[in-house]
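Here is the naming used below: chain letters follow the sequence lines, and residue numbers restart at 1 for every chain. Every value quoted in this text rests on a predicted model; they were computed, and no experiment measured them.
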Amino acid sequence: MYINSTVIRMLEETIIAIIVIYMVLRLFVTLDRLERMPYLNVINFSVAAIITIQNPSPLGAVTSMIYFIMATVAANAIAFTIDKIGEIEHDSD
Amino acid sequence: MEEIIAIFIAAVLSWVNFVLIDIWMGLPEAPGVKGAGAIGKSIEKRGGDLGGGFFSGNIVCSPDASAGTLLASCAYYAFGSPEGGLIAALFVYFGNRICADPGYAGTSGALTTTILIWLTSFIGIAPQNFIVGMVLAALTIQGLYHPVTSKLIGKMARKMNRKVIQDN
Amino acid sequence: MITTANVLSYVIVVASALIVALILRLPLLPEKPMRQSWTISIIFPTIIIAIGLFAIINYFKVYNNIYSAIIIGIFSAIFSKYLLERAFPKPDLG
Amino acid sequence: MIVIDFPYAAVVLMIVGALGGILQTRPIDKILMLAVLGDGLISMMSVYGYLDVAMASSFITFVGIIILMIGLIRTLEIKKAKGELH
């Protein structure tokens with residue numbers, strides 16, 4: 001039973017690690033700034049998932065929730081700033 | 001092999017759950033904040049659909065039913081009982097209010113996910129399968145190829161009577 | 001763990017929050033295009049806040065009795081009536 | 001069955017975030033890569049079980065990113081009002 005449960009957790013960890021590596025390489029290659037934001041969102045999802053999968057306790061769940069909400073607020077600020085910078089530089093031409 | 005089948009079933013269930021709730025709560029209609037509109041227009045410029053672009057931008061910029069599904073399955077797995085889904089609904093509601101959103105989509109997504117996991121636990125699908133399934137579902141929406149998925153979301157939104165409202 | 005005794009406690013939380021919110025004259029439902037309204041009503045934030053707070057207390061198994069259920073219902077109704085607009089204000093930009 | 005531990009993915013996140021922060025020249029790209037670097041750091045801390053450090057670090061990193069964004073917008077507006085942009 002114990003070996004079976006560790007094998008299950010290894011499988012999920014492997015899937016999430018492959019997703020993270022693929023997404024971060026694609027984010028590094030892409031040059032368009034607004035195209036990068038959905039890839040960053042997938043990385044946030046994966047990290048919030050791996051926090052709870054590695055630590056199955058109430059503190060792990062609370063850490064995952066706080067991480068995901070703060071990361072979403074930061075992504076909101078980054079997208080707003082990209083839009084605002086485009087406006088400012090477009091007006092100055 | 002059984003775990004791979006369970007993860008696949010959980011991925012399909014959470015995909016259907018969060019896409020249907022997000023479209024029904026009107027995410028493809030209008031961008032909630034300014035950055036979501038910019039992401040949507042960028043996806044439309046690269047050959048996608050405007051409604052699907054607003055959907056994707058709203059998911060990036062505020063925790064909607066996708067975050068509700070992920071955090072409810074995380075809390076169900078960590079607390080070990082359906083009470084975790086209720087706690088996750090409370091946290092997602094506060095996070096939505098921080099991000100300038102009314103918060104209907106995230107809360108209803110968390111509650112429906114709790115009911116869904118409680119029902120599928122009788123046929124042997126564990127909550128950790130739902131966590132990985134939600135990451136796979138977010139990958140298929142946000143990560144693979146934006147024009148095709150945004151056209152698919154736009155077609156579903158037009159079928160569910162949630163068209164894009166042009167206000168600006 | 002949710003058992004039958006705890007289901008009774010959850011019912012008491014919902015009933016307490018609903019009665020106090022009706023006394024405070026909150027509306028029962030938001031107005032009609034429901035997915036865009038910012039109205040604080042009984043169904044949407046009050047009962048969600050009450051159930052979530054009671055689930056946090058119920059996990060630790062110390063104060064999970066009927067009296068704390070009634071107190072949490074009263075507190076969540078008062079919170080959503082007077083303090084929620086002040087804690088998380090409605091954004092003014094579109 | 002092939003198994004990849006998650007610390008390798010966290011290392012890839014941190015290396016890509018650091019390289020991107022060095023190689024890209026615009027300030028907005030640098031701050032986005034700082035977010036990727038913070039993701040790698042928080043996931044590495046939480047994989048090895050330091051949950052309190054991860055919680056405090058997620059608060060501090062993302063609130064710091066928001067404050068940097070406000071400062072960047074303010075700087076560009078002042079530059080534009082002085083006429084130094086382009």
For D/M33, is it the side chain, the backbone, both, or neither that has a heavy atom closer than 4.5 Å to a heavy atom of chain A?
->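 Side chain only.
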
If I take atom [atom1] from residue [X] and atom [atom2] from residue [Y], how far apart are they, to the nearest 0.5 angstrom?
X: D/L51; Y: A/L59; atom1: CG; atom2: CG; value: 5.0 Å
X: D/L32; Y: A/R33; atom1: CG; atom2: CZ; value: 9.5 Å
X: A/Y67; Y: D/S46; atom1: OH; atom2: OG; value: 9.0 Å
X: A/I82; Y: D/R26; atom1: CD1; atom2: CZ; value: 10.5 Å
X: D/I73; Y: A/E87; atom1: CD1; atom2: CD; value: 10.0 Å

If you tally heavy-atom pairs under 4.5 Å against chain A, which of D/L13, D/V12, D/I70 wins?
-> D/L13

Any heavy-atom pair between the side chains of [Y] and [X] that's under 4.5 Å?
X: A/M70; Y: D/M55; result: no
X: A/T81; Y: D/I28; result: yes
X: D/F62; Y: A/V73; result: no
X: D/D5; Y: A/M10; result: yes
X: D/V3; Y: A/E13; result: no
X: A/I85; Y: D/L72; result: yes

Which atoms of [X] approach chain D - backbone, side chain, both or neither, heavy atom under 4.5 Å:
X: A/M23; value: neither
X: A/I18; value: side chain
X: A/V47; value: side chain

Which of the residues A/I19, A/I16, A/V20 is involved in the greatest number of heavy-atom pairs with chain D at under 4.5 angstrom?
->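 Heavy-atom pair counts peak at A/V20.
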
Highest number of heavy-atom pairs under 4.5 Å with chain D: which of A/G60, A/A71, A/A77?
->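 Among A/G60, A/A71, A/A77, the one with the most close pairs to chain D is A/A71.
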
Name of the residue among A/I50, A/T14, A/I53 meeting side-chain contact (heavy atoms from CB on, under 4.5 Å) with D/F6 =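 Testing each of A/I50, A/T14, A/I53 against D/F6, the sole residue satisfying side-chain contact (heavy atoms from CB on, under 4.5 Å) is A/I50.
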
If you check every heavy atom in residues 36-43 of chain D against those of chain A, which residues fall under 4.5 Å?
->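 Only D/V36, D/D39, D/I42, D/S43 of residues 36-43 of chain D have a heavy atom under 4.5 Å from chain A.
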
Exercise: identify the closest heavy-atom pair between D/I66 and A/A74 | CG1-CA, 4.3 Å

More than 12 heavy atoms of other groups within 6.0 Å of A/Y22 OH = yes

